[in-house]
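For the single chain, residues carry numbers from 1 onward in sequence order.
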Amino acid sequence: RKIEGNINLGTLFDALVTYREDRPIDFLNHENVRTFLGKDNDINKEIIKTLETCPEELPFIHHGITITCDEYDKTTGILRNPSIRNGGNSTYSFLAFHDKHTNTKILERAKKTYVPVKIIQTENVILKDRVGECSNSQNSIELWQFLIQNPQMVDKLYQTNKFQLQLFKWAKETHDVTKINFYGKL
């Protein structure tokens, strides 16, 4: 069975802190294909920065946490044998933020927001592994691909040879020069 929704960040903080009291938090992520990349990782720093400056944006910009478990009790919210399959670095970042801002207004503000969560209840080990594999697999996107969506950025960045080369490579691979011609650059 699959349950999707949002979890209040205050509730998530409490659950993670309680979990951490009984066992290392690493155990919750032990079946995650990614290990913790550190607080200095750019994405993890951005998660913490978002929580510090504009936590209300989190539900809109965070892809969420995917958890598998053997059993989920809807009444108590207790998960038996939980494992974070996607969102482990976010979980560590949430805890780092919580620990840094304990008993502050910044933490109280962040506790009011939500993060998307998907819980997959199954005892099928193969399915659990497939959930972990698929929820962590995606085509990579390079910065220039985001920038090409903004005509003003294209104009500013067009002066660099690297950007011109990326545009040319993109057009050659997709056989679609209309986007480049739209900006009047080739």
For this session: Please check if atom CD1 in Ile126 has more than 12 non-hydrogen atoms from other residues, nucleotides or ligands closer than 6.0 Å.
Result: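 Not buried by this count: 12 neighbours or fewer within 6.0 Å.
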
Does any part of the side chain of [Y], heavy atoms only, come nearer than 4.5 Å to the side chain of [X], both counted from C-beta?
X	Y	answer
Ile120	Cys69	no
Arg85	Asp129	yes
His63	Pro116	no
Leu58	Leu51	yes
Glu123	Arg80	yes
His98	Leu107	yes
Arg1	Tyr72	yes
Leu79	Ile67	yes

Measure the [atom1]-[atom2] distance between [X] and [Y] for me, rounded to the nearest 0.5 Å.
X	Y	atom1	atom2	answer
Glu46	Ile61	CD	CD1	7.0 Å
Ile84	Thr68	CD1	OG1	9.5 Å
Ser93	Ile43	OG	CD1	10.0 Å
Asn89	Asn86	CG	CG	9.5 Å

Exercise. For the ring pair Phe97 and His101, is the centre-to-centre distance below 6.0 Å?
Worked result: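 Ring centroids of Phe97 and His101 are less than 6.0 Å from each other.
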
Problem set entry | side chain to side chain contact (heavy atoms under 4.5 Å, CB included) against Ile78, all qualifying residues, sequence neighbours excluded |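 Result, side chain to side chain contact (heavy atoms under 4.5 Å, CB included) vs Ile78: Thr76.
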
Problem set entry | Partner set under side chain to side chain contact (heavy atoms under 4.5 Å, CB included) for Cys54, not counting sequence neighbours |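 Cys54 satisfies side chain to side chain contact (heavy atoms under 4.5 Å, CB included) with Thr50, Glu56, Glu57 once adjacent residues are dropped.
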
Exercise. Is there a path from Ile3 to Val115 through hydrophobic residues (I, L, V, M, F, W, Y) whose side chains come within less than 4.5 Å of each other?
Worked result: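 Ile3 and Val115: one cluster.
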
For this session: Please answer: with hydrophobic residues joined when any side-chain heavy atoms are less than 4.5 Å apart, are Ile7 and Ile65 in the same cluster?
Result: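 Yes; Ile65 is reachable from Ile7 via cluster members.
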
Exercise. Which residue, Asp40, Asp42, Ile47, forms the side chain to side chain contact (heavy atoms under 4.5 Å, CB included) with Asn44?
Worked result: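 Filter result, single survivor: Ile47.
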
Exercise. When you measure from the side chain of Asn8 to the backbone N and O of Lys111, does any donor-acceptor pair fall under 3.5 Å?
Worked result: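 Looks like yes, one N/O pair under 3.5 Å.
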
Donor-acceptor contacts, no H, no angles, side chain residues 11-22, under 3.5 Å, sequence neighbours left out:
residue	atom	partner	partner atom	Å
Thr18	OG1	Asp14	O	2.8
Arg20	NH1	Asp99	OD2	2.8
Arg20	NH2	Asp99	OD1	3.0

Problem set entry | Basic-acidic side-chain contact under 4.0 Å: Lys128, Asp70 |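 Yes, charged N to carboxylate O under 4.0 Å.
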
Problem set entry | Heavy-atom closest contact (Thr53 atom, Pro55 atom, distance) |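 It is C-CD, 3.7 Å.
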
Exercise. Going through the checks in order, is the side chain to side chain contact (heavy atoms under 4.5 Å, CB included) test met by Leu9 and Phe94?
Worked result: CA-CA 9 Å; Leu9 208 50; Phe94 294 155; 4.2 Å; yes

